[in-house]
Amino acid sequence: MKLYNTLTQQKETFVPIEEGKVKMYSCGPTVYNYFHIGNARPFIVFDTLRRFLEYQGYQVTFIQNFTDVDDKIIKRSLEEGISPQEVSEKYIEEYFKDADALLIKRATAHPKVSEHIEEIIRMIKTLEEKGLAYNIDGNVYYSVEHFADYGKLSKQSLEDLKAGARVDVSDEKKSPLDFALWKKKKDGEPYWESPWGQGRPGWHIECSAMSKKHLGDTIDIHGGGQDLIFPHHENEIAQSEGCCGKPFANYWLHNGYININNEKMSKSKGNFFTVRDIAKHFDLEVVRMFMLMAHYRSPVNFSDELLKQAETALDRLYTAKYQLDYLLENSALETASADEKIWIDSLSQYRHSFINAMEDDLNTADAIASIFELVRNLNSNLSESSSKEAIMAGKKLFAELTDVLGLAVKEKESKLEENIESLIAERQAARKNKDFKRADEIRDQLLAQGIILEDTREGVKWKRA
RNA sequence: GGCGCCAUAGCCAAGUGGUAAGGCACGGGUCUGCAACACCCUCACCCCCAGUUCAAGUCUGGGUGGCGCCUCCA
């Protein structure tokens, strides 16, 4: 498989450190609020990458952290009058609710900063011993000028970074680009004991420490949003490589932004939609569909209109899925005919084109196109008179490919409430008697309850609105 | 100022130098009591200019337009 590596700025063939295994780390949320759709993108993208790698037979260890020690959490706790821990616990819970609705699988582990203070302190100590960190009155900073490769990920020289620095020049720091590894305790803030006194870790060190603990010194893939390239990921490299003296991550993957009216969506700009808000109007699987319909590195605009397009597209997949279930139940023939066997063999073309697309830097847009082509083929060629063997072949391939993307994976409810079933039966009787007025009444009545009826050649079908 | 990304139909969006995937919307049709689903048909000379090449959306140079990072941010 080929992956675009931010470090080398080109697509590279993916070669894992250890054959058959992949170690990947992706920066998770700071849990002080519901996450927004911009946050959702990397969660969905790297979940999809993980699913595809597993589909390819890799044993994937996927780590996504929770930042539960942070200024914003402290601020929130003061606002709400609860402890920082209560804030983070609440939003971790809420994270999983939204992630589940987005069909994001649980990572192998979701480590928390608060549970890795020891590892963080140990790492800072090592950096201090190596002359890469300095302590000023209980604040410990990383000295970027002592790390030769600083800037290699963001392609910035130290001089350029300094020239453009808009950082407040702190008297304390030796260079404006130095960043905090350990922050001295302030009144009312959570703190831990350390060799430098009471305090808490800086933002960047957590990812280095947790990645090292759960995945080792060198990992295969590190992912995140493009806005993390600088300074967060650049600093992670400085910390991890400075500490361990080994390459930190072999492949750096960065997803593009979500835009609103061509402008970046972000919490700081205030132009964001939380996933929770969107869930009021759409099934969140639609958001997943929307994300995967574009390539992960390209910026995408977000709007109600575009979500509706994704919703209709996703409906098409579900219609096909449920039709296959229906046909399987109603087919009388077991074994495929000679013609059907040839047709079954021909289906593998869709698997091939799907895999080719995914192997090309996770081209989910192209991969989805393959699925739609498969759907058209299935819709055209399968009917009640097809054999179960042929229908099953189509169903299995469809499920195989959609599972990789985490789309169209929900099963249909098998039964409706009895009173609804009886209304459908009554409507059928009315139609038979050409009492279309009554039939339409019932259809409207059910629509008001969120049930859409469709009279197909094979009989009445229903779906949820 | 430094670094980087993007420009393909009404709306999205793929595209390995060889005569433009897919989805949504629109139009025509088959099916159908109607609607919906499904299927068939229709729907693009790829921002501009120049160059390289037998051949360029795809490479090179120059424009124009849009966006991002260099500060917390996915």
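The chains referred to below are lettered A, B, ... by the order of the sequence lines, with proteins before strands, and numbering in each begins at 1. These figures come from a predicted structure and were not determined experimentally. These values consider heavy atoms only, across backbone and side chains, with no hydrogens, waters or symmetry-generated copies.
- With A13(B), C34(B), A38(B) as the choices, the nucleotide that has an atom nearest any side-chain atom of Ala294(A) turns out to be A13(B).
- Mapping Asn39(A) and Arg431(A) onto RNA chain B by nearest heavy atom places Arg431(A) closer to the 5' end of the strand.
- Among the heavy atoms of the strands, none lies under 4.0 Å from Ile452(A).
- Residue Arg316(A) places no side-chain N or O under 4.0 Å from the OP1 or OP2 atom of G22(B).
- In this model, the phosphate group of A14(B) is approached by a side-chain N or O of Ser298(A) to a distance below 4.0 Å at OP1 or OP2.
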Please enumerate all protein N or O atoms sitting under 3.5 Å from an N or O of nucleotides 42-44 of chain B, with distances to 0.1 Å.
none

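- In this structure, of G2(B), C3(B), A74(B), it is G2(B) that holds the atom nearest to the side chain of Asp160(A).
- Sorted by residue number, the members of residues 353-366 of chain A with any non-hydrogen atom under 4.0 Å from RNA chain B read Asn363(A), Ala365(A), Asp366(A).
- Residue Phe372(A) places its side chain closer to G23(B) than to any other of G23(B), C69(B), C12(B).
- Base engagement by Asp455(A) is indicated by at least one non-hydrogen atom pair under 4.0 Å involving a base atom.
- For Gln56(A) and Glu359(A), the side-chain atoms include at least one donor-acceptor pair closer than 3.5 Å.
- The residue among Ser380(A) and Thr312(A) whose nearest nucleotide of RNA chain B is located toward the 5' end is Thr312(A).
- Comparing G33(B), C3(B), A74(B) against the side chain of His36(A) picks out A74(B) as the nearest.
- The side chain of Asp440(A) lies closest to G33(B) when the candidates are C69(B), G33(B), C39(B).
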